[in-house]
Number of protein chains: 4
Amino acid sequence: MTSLPLTKAQAVLEAAIAKADEIGQPMNIAVVDDGGHLVTFARMDGAIKASIDISTRKATTSVLMNAPTAALMGLVQPGAELYGLEQLSGGLVVFGGGIPLQLDGVTVGAIGVSAGSAAQDVTVAEAGVAALAG
Amino acid sequence: MTSLPLTKAQAVLEAAIAKADEIGQPMNIAVVDDGGHLVTFARMDGAIKASIDISTRKATTSVLMNAPTAALMGLVQPGAELYGLEQLSGGLVVFGGGIPLQLDGVTVGAIGVSAGSAAQDVTVAEAGVAALAG
Amino acid sequence: MTSLPLTKAQAVLEAAIAKADEIGQPMNIAVVDDGGHLVTFARMDGAIKASIDISTRKATTSVLMNAPTAALMGLVQPGAELYGLEQLSGGLVVFGGGIPLQLDGVTVGAIGVSAGSAAQDVTVAEAGVAALAG
Amino acid sequence: MTSLPLTKAQAVLEAAIAKADEIGQPMNIAVVDDGGHLVTFARMDGAIKASIDISTRKATTSVLMNAPTAALMGLVQPGAELYGLEQLSGGLVVFGGGIPLQLDGVTVGAIGVSAGSAAQDVTVAEAGVAALAG
């Protein structure tokens, strides 16, 4: 059984691309299933290459932690409860741009967006999330 | 400078998906630029997950070697000239399914296809190559 | 297609070596193309060996982020926007000494310099950059 | 103490480049010291990118084994004495193109050449070796 069929993942990807176009920031966008395995991906022209790994890892992190990556930032700071978390489980991303994708309250995958500011990445990821819910 | 713009990579990907549908074998399909960096990717419903890495690595191998992956098979056998090549340069794939993408005789990237038999993978990759040339 | 021909990369390398000689600090100097792949490299007599990897990774980081490595330092501190970035995309360097190489406003590669202080590394890298522009 | 000063390594590199030009096969050429650490490197225009790693690893293998890489090929075949050796010590290359560099009978480093046929790689590496002896 596929938690996130390709057609649904593509709808998420296309909505994210449209939002990135709208705000004028080329992005790397990755969509993974509930096992954290890649379903679809696009690097928009001009988006930095470091974000191929970062966007994919944001999506994977969101599945592995079942939480948006932005929620981890406070927890991993020096002195905070999960200091060092970012180097575990193969390398997690702790800044915004990764968000779980849910259907009927069940996590079926995640989207990860990278190449802009963290705020821009979150905005584009949310557009992808909305496309699945819609 | 983008050697392979997203719209061209998407045309390659879509032609490959159409061919995979036609032969009834769900595939993982990766398209990379001339530096071996991922541009776009799709995993069709039912395609095995091991092939996420294999398809991407076939594309990367094709760029790094500037040759189809199928051309490497004979060279790496016991007793052959490049025995052991497959473990070099980060891990190369030596069976069919990766093919360079060229424009005007210049390699601008590569496609990697995996999840079927090697022959099926090559057939689907060739459909992607033809879409760029067309 | 070669984004940065060897003769141009050698001119960058030689200018950097000359500057390192001038300031009396032996350096490791790496020049990569726009895919982050090594084009040429030199380790000057007496330069520390750890900097073989560091100089190369500075150059790769500059390509992957399309920015000087020095620009990343503030962003990855505890509490800052990209905390944890340095461990992503294969390992990025966030201190000075890596700078993109551009021709007509297009990034064609990068230089990475390491073995001195960060300020010395930047000075030598800038001499390399100037040689390409000149 | 530097086992192989940069000026000597550059002479080796330049002789190898000249031979590669002469035979009309662009090459990746790496020169390492007696610790296997890179001293200088060049990728000639048109040489395949996979050979960045392969040339460097041929040089490293030559130092680690204190032998030409071509000498290993027979030893690692199925049924032979060192079957599996190529995956040890971080990954060794067992086909020709890596040769130790010696001064007065002492190994001071190695050259690794890759991108042509194994025979071409050896020819170019030998030109580098001769430059040091000369």
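It should be emphasised that the depicted structure is a prediction, and the values quoted were computed from it without experimental measurement. All heavy atoms count here, side chains included; hydrogens, waters and symmetry mates do not. Naming convention: chains lettered A, B, ... in sequence-line order (proteins, then strands); numbering from 1 in each chain.
- For Ser117(D), the parts lying near chain B are the backbone and the side chain together; criterion is any non-hydrogen pair under 4.5 Å.
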Take Ile54(D) and Leu85(B), measure what side-chain contact (heavy atoms from CB on, under 4.5 Å) needs, and give me the verdict at the end. CA-CA 8 Å; Ile54(D) 299 170; Leu85(B) 176 76; 3.5 Å; yes
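- The backbone N or O of Asp34(B) sits less than 3.5 Å from a side-chain atom of Lys49(D), completing a donor-acceptor pair.
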What verdict does the side-chain contact (heavy atoms from CB on, under 4.5 Å) test give for Leu88(B) and Val93(D), after you've listed the backbone C-alpha separation in whole Å, the side-chain angles of each residue and the deciding distance to 0.1 Å? CA-CA 8 Å; Leu88(B) 303 174; Val93(D) 183; 3.9 Å; yes
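- Between the side chain of Gln87(D) and the backbone N or O of Gly84(B), no donor-acceptor pair lies under 3.5 Å.
- For a residue to count as touching a neighbouring chain, one of its non-hydrogen atoms must lie under 4.5 Å from one of that chain's; by this rule Ile52(D) does not touch chain B.
- Heavy atoms closer than 4.5 Å to chain B are found nowhere in Ala115(D), neither backbone nor side chain.
- Here the side chain of Glu81(B) pairs a donor or acceptor atom with the backbone of Ala118(D) at under 3.5 angstrom.
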Quick one, Tyr83(B) with Met73(D), criterion side-chain contact (heavy atoms from CB on, under 4.5 Å). Give me CA distance, side-chain angles, the key distance, then yes/no. CA-CA 8 Å; Tyr83(B) 183 58; Met73(D) 182 56 101; 3.9 Å; yes
